[in-house]
Each structure stands twice: as structure tokens, then as C-alpha cells.
2 protein chains.
Amino acid sequence: MTDNTRILLSEIPKGKLAEEHFSRDQVPVENPGPGEVLIRTLILSQDAANRAWMQGATYRSALSTGQVMSSYGIGEVLESNDDRYAPGDLVGGDLCWQEYATLPGTQISAAHHHDGPLSHGISLLGVAGLTAYHGLINVPTIHAGETLLVSAAGGSVGSLVGQIGKIKGAKVIGIAGGAAKCDWVVEQLGFDACIDYKDTTAPLRDLLAQQATDGIDVYFDNTGGDILQTALFAMNLHGRISCCGAVSMYDGKPRPGPFGIPGLLVTKRLHMQGFLVSDYSHLDGDARHDLSTWSKQGQLQVVEDIIDGLENAPRGLIGLLAGDNRGKRMIRVAA
Amino acid sequence: MTDNTRILLSEIPKGKLAEEHFSRDQVPVENPGPGEVLIRTLILSQDAANRAWMQGATYRSALSTGQVMSSYGIGEVLESNDDRYAPGDLVGGDLCWQEYATLPGTQISAAHHHDGPLSHGISLLGVAGLTAYHGLINVPTIHAGETLLVSAAGGSVGSLVGQIGKIKGAKVIGIAGGAAKCDWVVEQLGFDACIDYKDTTAPLRDLLAQQATDGIDVYFDNTGGDILQTALFAMNLHGRISCCGAVSMYDGKPRPGPFGIPGLLVTKRLHMQGFLVSDYSHLDGDARHDLSTWSKQGQLQVVEDIIDGLENAPRGLIGLLAGDNRGKRMIRVAA
């Protein structure tokens with residue numbers, strides 16, 4: 001019987017997430033019961049939302065201590081007691097931070113793929129790609145000639161949002177942390193400009209004003225907090241804000257929202273909308289078609305940041321929350 | 001030559017607005033030049049927005065010291081050098097806090113009236129009525145069976161919003177200051193419930209939860225601040241927030257927005273939209289038709305809080321900002 005190495009959430013962090021909040025164990029691989037499927041984990045997604053799950057109920061129930069850390073992943077079916085799946089199939093689901101997952105067939109689905117790498121099932125065609133697509137195209141929409149601002153521009157979602165904005169004819173300004181990352185966002189991803197929020201030579205508000213000479217029509221907000229505050233001041237009348245996440249709020253204590261809420265919302269007649277990618281699942285077919293096509297045509301670069309080894313999952317997630325990833329961070333558990 | 005008594009904004013308040021920020025003078029009535037109209041002020045509107053104008057540019061330019069305090073009003077034309085207006089006509093415009101206004105004919109328009117009192121041109125058929133109508137019907141819409149929450153429920157706009165919600169078949173919960181005002185909102189205006197935000201026996205969040213047993217579908221926000229914070233926690237998934245104003249923010253220092261922005265906007269997929277009544281001016285005809293009809297049929301009570309005497313304008317506005325009005329506050333300058 002093979003052993004299953006697992007990483008557990010041993011403590012709910014009160015402040016910043018650290019490696020000490022996790023522990024590792026080994027247990028025998030669980031044989032699949034009736035209707036269940038045994039899956040060998042190949043690759044795991046890492047998402048800022050993983051941290052939000054520790055804070056309490058979000059769009060899913062909160063995590064509790066002592067459970068294997070949750071995470072979407074793609075794996076290969078080894079044994080199946082569900083007629084829909086056979087050994088060798090590639091499936092996706094909440095495989096968690098472990099080498100083997102035994103799950104009811106009802107909780108998994110076929111992994112999405114095209115003629116690209118397996119990891120595209122998590123990045124381009126997975127939640128990251130769908131979030132970027134729906135959160136820009138179906139929430140605020142973007143029109144040619146408009147100015148789009150994207151925070152966490154070097155991240156899994158932001159890197160795609162900005163490129164989709166360019167494909168649609170918008171002027172695209174990113175916000176990211178560090179001069180090197182900002183240079184990369186402009187040179188490699190093709191954004192028109194990228195502002196370093198860690199730049200202390202001038203207030204962020206001034207740095208943004210220098211680039212957003214026509215104001216901001218659409219702000220794709222991955223961060224909340226001070227960056228949202230800054231964006232509010234730069235928004236044009238009737239501007240639209242797509243609220244995708246609040247990564248600045250997840251790791252540590254909740255902080256108050258911007259000063260301009262609701263004052264600037266009224267005077268500028270802004271539109272703020274929170275969304276979850278699942279709200280647009282009826283349009284996933286369109287999204288995957290376009291994303292795959294753009295990628296194959298070379299218009300859309302899929303930036304992946306893959307770390308090898310399950311044991312590196314805690315470090316990878318902690319780094320992600322600090323913004324040290326470029327593109328979609330994943331953990332490769334097995335080749 | 002008659003004298004014109006005027007009240008000037010003599011100092012921009014740094015904290016709370018007080019009578020000392022105003023001064024009074026008397027000047028000769030100004031004869032109308034080419035294209036101008038001389039108007040005798042009959043009645044002036046008092047609005048929380050008057051205070052916001054002192055803070056800086058909003059949807060109009062900021063007020064400066066030494067100028068006659070701005071205010072919409074209705075008056076009677078005494079002399080006209082504009083072919084569109086004749087002596088005796090009732091007109092509306094920025095008449096300011098003064099007995100006589102001399103304005104270009106291009107800056108006034110015919111006062112709106114129906115077979116009700118003149119003051120309805122400011123309350124029911126004026127900005128208050130249009131704001132309530134557009135801000136509920138055309139911004140978030142309200143559906144029968146939904147739960148509507150309205151802050152400043154005893155105010156000029158809130159008192160109408162809640163009644164329109166009832167006309168449309170919603171369950172309507174108000175928030176107002178003081179037990180007596182809350183009782184009046186329920187008994188006289190027909191709201192299903194009204195919560196006293198000054199009640200210290202329980203947190204506002206608990207008081208709201210007791211009444212909003214099915215959650216809140218639409219929140220009409222007149223206040224911002226802590227009440228918006230409380231509403232966010234009670235909102236249902238996909239709830240809509242119509243941002244009409246932020247009266248809690250106008251009188252004093254700006255304060256940060258709620259903790260749940262943008263976190264709760266994302267997880268609950270909320271929709272927040274700021275609006276100005278002028279955004280929907282193409283639908284003003286519909287609004288005035290419906291408002292007038294509902295009023296004549298006795299479905300909609302127009303609550304007016306009219307203070308006699310121009311000299312009482314400062315006191316009236318200060319009291320309005322403290323929430324001591326019931327319905328639409330106005331200053332009657334002449335009969």
C-alpha cells in the first residue's frame with residue numbers, strides 16, 4: 001500500500017500566514033468506496049482565495065484546523081467506481097494538498113484542456129482565465145479607446161485582464177509591486193504602462209495621474225485597500241469598477257474601505273460590482289473558446305509560475321500573498 | 001427702490017456647520033439687464049447637498065466665501081427681459097438665500113406644478129421626488145416581494161422612496177434617528193418597520209437582523225458610514241445598493257468607507273451604483289406623471305417641513321444636517 005503525504009492546516013492564522021500554520025503527515029492511500037474515484041495529484045492551483053477561506057465563510061464554508069489544506073488541482077484517475085471516469089482520465093476538483101485524493105465522482109469533473117500544456121487547465125482555461133475574461137468582458141465590459149486600470153497586474157488574473165484589454169483596443173495601465181515587475185508587465189505583457197505601488201518617490205495618486213491622462217474608465221480591482229482608494233480619485237464620470245478580490249485584505253486584519261465610498265460613487269456616478277466567476281458559468285464556453293484562440297494566435301501570453309514539490313505548497317502560498325509570483329502560481333506534485 | 005435682504009456664506013466650515021458661518025446684508029435690488037429676469041423668491045429648497053457644496057467641487061463648482069448662499073428656489077417673475085418669461089410666471093432656479101434674484105433667463109425654467117401646492121414643485125415634483133423615483137426605479141429597480149432598506153427614512157427623499165417601495169409591493173424597512181420619528185415612519189408613512197439608529201439597547205446590526213428576516217435585496221443609501229456598513233452585512237446575494245448621498249460624511253471630516261468594501265461586494269456579488277438625479281432627466285416625464293398620480297390617488301404622502309422666514313435658512317440647514325426634519329424642508333420667503 002502506497003503512502004499519501006498530506007499537508008494540513010494545523011492553525012488558523014490570526015495575522016499573517018506563516019509556514020508554522022501548516023503540518024505534514026503520511027497516511028495510507030484511501031481505497032475508493034462505491035461511487036468514489038482515486039486520483040493521483042499532478043498539479044495544484046495556488047490562489048489568494050485559499051487565504052480568504054481561512055478567515056471565515058466566503059463563497060464556500062470556512063476551513064477548519066486539522067483538515068488537509070483545500071486546493072483545486074488536476075490529477076490522473078488511478079481507480080474509479082464511477083462509470084463516468086476511467087483510469088488514465090485527467091480530472092479536476094478539490095484535490096487538496098496531498099499526493100492522492102479519494103473523492104466522490106460527483107465532486108470532480110473532466111480537466112479542461114486544449115493543445116497546450118496540462119497546466120493551462122488551471123491557468124488559461126481554469127479559474128484564473130475565466131475570472132479575467134468574465135470579470136472584464138461580462139461585468140463592466142471594455143470598449144476600444146477606453147482606459148483600463150488593473151491592479152495585481154503581474155498576477156494570474158491581472159496579467160490576463162490587461163492583455164485582454166489590449167486585444168479589445170483599450171489603453172491599459174497596470175499596478176504592481178516593484179520596478180522590475182512593472183518593467184516586465186510593460187515589456188513582456190504589452191501593457192501601456194505599469195505603476196509601482198512600492199515607489200516612494202511620489203504619492204501613488206500622482207504616479208497614476210501621470211499615466212492616466214484621460215482618467216480611468218474601467219478599474220479591475222484585485223486588491224482593494226489603498227489602491228482602490230487611489231483608483232477612485234482617477235475614475236472618470238460613470239466609470240465602472242469590477243471587484244474581483246481584495247488580496248490586500250485577506251492576510252491580516254480587515255481594514256476600512258476607501259474614504260471616497262460612497263461620496264465619490266455618487267458624485268462620479270460610479271458603478272462597483274462584485275462578482276464570482278461561477279456567476280458566469282453559462283458563458284464559460286465562450287470564454288474558453290476566445291482564450292484558447294487568442295493564446296494559439298499568440299495574442300495572449302499565459303504566464304505560469306510553477307513550483308515543484310508538494311512540500312513547497314505553504315511557501316508558495318505565503319509568497320503569493322506577498323505578491324512574489326509572476327502569473328499563475330501552481331505546485332507540481334507529480335510529473 | 002426696494003432692498004434685497006441676502007444671507008451670505010461668510011466662512012467655509014472646517015467642522016460642523018454653524019450659524020456663525022453665515023452673515024446677512026441688504027443691497028438694492030438689481031435691475032435686470034438684457035436677457036435677464038428679476039424674480040421675487042417665494043420658497044427655497046434645503047438640501048444636504050448644500051453642505052457638500054461647501055466641501056469642494058461635487059457635481060457643481062464649490063462655493064466660495066462672500067457669495068450669497070446657493071439654493072434652488074421657486075419665485076415669481078417681476079420683470080423680464082427674456083421673451084420666454086413674463087411677470088407673474090412661476091420659475092425655478094438657483095435663486096440663492098435672498099429675497100430677490102436677478103438671473104439670466106437661460107439659468108431658470110418654468111416651475112413644475114400640478115393641482116397641488118406650490119411647494120410640490122420642490123418636494124414631490126422637484127429634485128427630492130425625482131431623486132427618490134429615479135434612484136429606486138431606474139437605478140436598482142425594485143420588485144414585488146423584495147425587501148427594501150432605506151436610510152434617512154424620515155427625510156425628503158427617504159420618505160418617498162419607502163412609500164414608492166410599498167406601492168411596488170416590496171417589504172420596506174426604514175432607518176431613522178429617534179424612537180418618535182421611527183414610529184411616525186411606520187404609522188404615518190406605512191413602512192413595515194423602522195429602526196432607530198440612536199437606539200443603544202442593541203447593536204444596529206442586530207436590530208436590522210430582527211426586522212430583515214429575509215435579508216435585504218435593495219438598499220437605498222442616503223447616509224453612507226456606519227449605516228452602510230450595517231447594511232452590507234444584511235444584504236442578500238446579488239443585492240443592489242443605490243448610492244444617493246452620504247449625509248453622514250458631509251458635516252465634518254471625511255471618514256473611511258465600510259470594512260466590507262470590497263470584500264463583501266465580492267463574496268455577495270453586490271452591485272453599488274452612485275447616481276445623480278440629472279443622469280435620468282430623459283425620464284423625468286415618467287417620474288412626474290407617476291408621482292403626481294400616486295399623490296392624487298392618496299397612495300403617496302408628500303411630507304413637507306416648511307419654515308417661515310429667510311432669516312431662518314441657516315438654522316434650517318443646520319437642523320437638516322442633524323436630521324431634525326420630517327420630509328422635505330423648505331424656507332418660505334414670501335407668500
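A note on names: the letters A, B, ... follow the listed sequences, proteins ahead of strands, and every chain is numbered from 1. This one's a predicted model, so the numbers in the text were calculated from it and none came from an experiment.
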| message | As an exercise, state the distance from SG of B:C243 to CG of A:L270, rounded to the nearest 0.5 Å. | response |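 Going from the SG atom of B:C243 to the CG atom of A:L270 covers 9.5 Å.
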| task | Would you give the length of the straight line joining atom CG of A:L276 to atom NE2 of B:H238, rounded to the nearest 0.5 angstrom? | result |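 Reported to 0.5 Å precision, the distance equals 8.0 Å.
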| request: Report the C-alpha distance between A:I241 and B:M272 in whole Å, list the side-chain angles of each, state the deciding distance to 0.1 Å, and finish with yes or no for side chain to side chain contact (heavy atoms under 4.5 Å, CB included). | output: CA-CA 10 Å; A:I241 301 175; B:M272 275 184 90; over 6 Å; no
| task | Would you mind checking which part of B:L228 comes under 4.5 Å of any heavy atom in chain A, side chain (CB onward), backbone (N, CA, C, O), both or neither? | result |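 Contact with chain A is through the side chain of B:L228 alone.
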| field | More than 12 heavy atoms of other groups within 6.0 Å of B:R205 CZ | value |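 Not more than 12 within 6.0 Å, no.
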| query | Which pairs with one or both residues in residues 154-164 of chain B pass side chain to side chain donor-acceptor pair (under 3.5 Å), sequence neighbours excluded? | reply |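 Not a single pair qualifies under side chain to side chain donor-acceptor pair (under 3.5 Å).
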Write down the atom of [X], the atom of [Y], and the distance for their closest heavy-atom approach.
{"X": "B:P258", "Y": "A:I261", "result": "CD-CG2, 4.2 Å"}
{"X": "A:V266", "Y": "B:C244", "result": "CG1-O, 3.5 Å"}
{"X": "A:P256", "Y": "B:P256", "result": "CB-CB, 3.7 Å"}

| task | Test A:Q273 against B:Q273 for side chain to side chain contact (heavy atoms under 4.5 Å, CB included), laying out the working first. | result | CA-CA 8 Å; A:Q273 185 173 351; B:Q273 186 173 350; over 6 Å; no
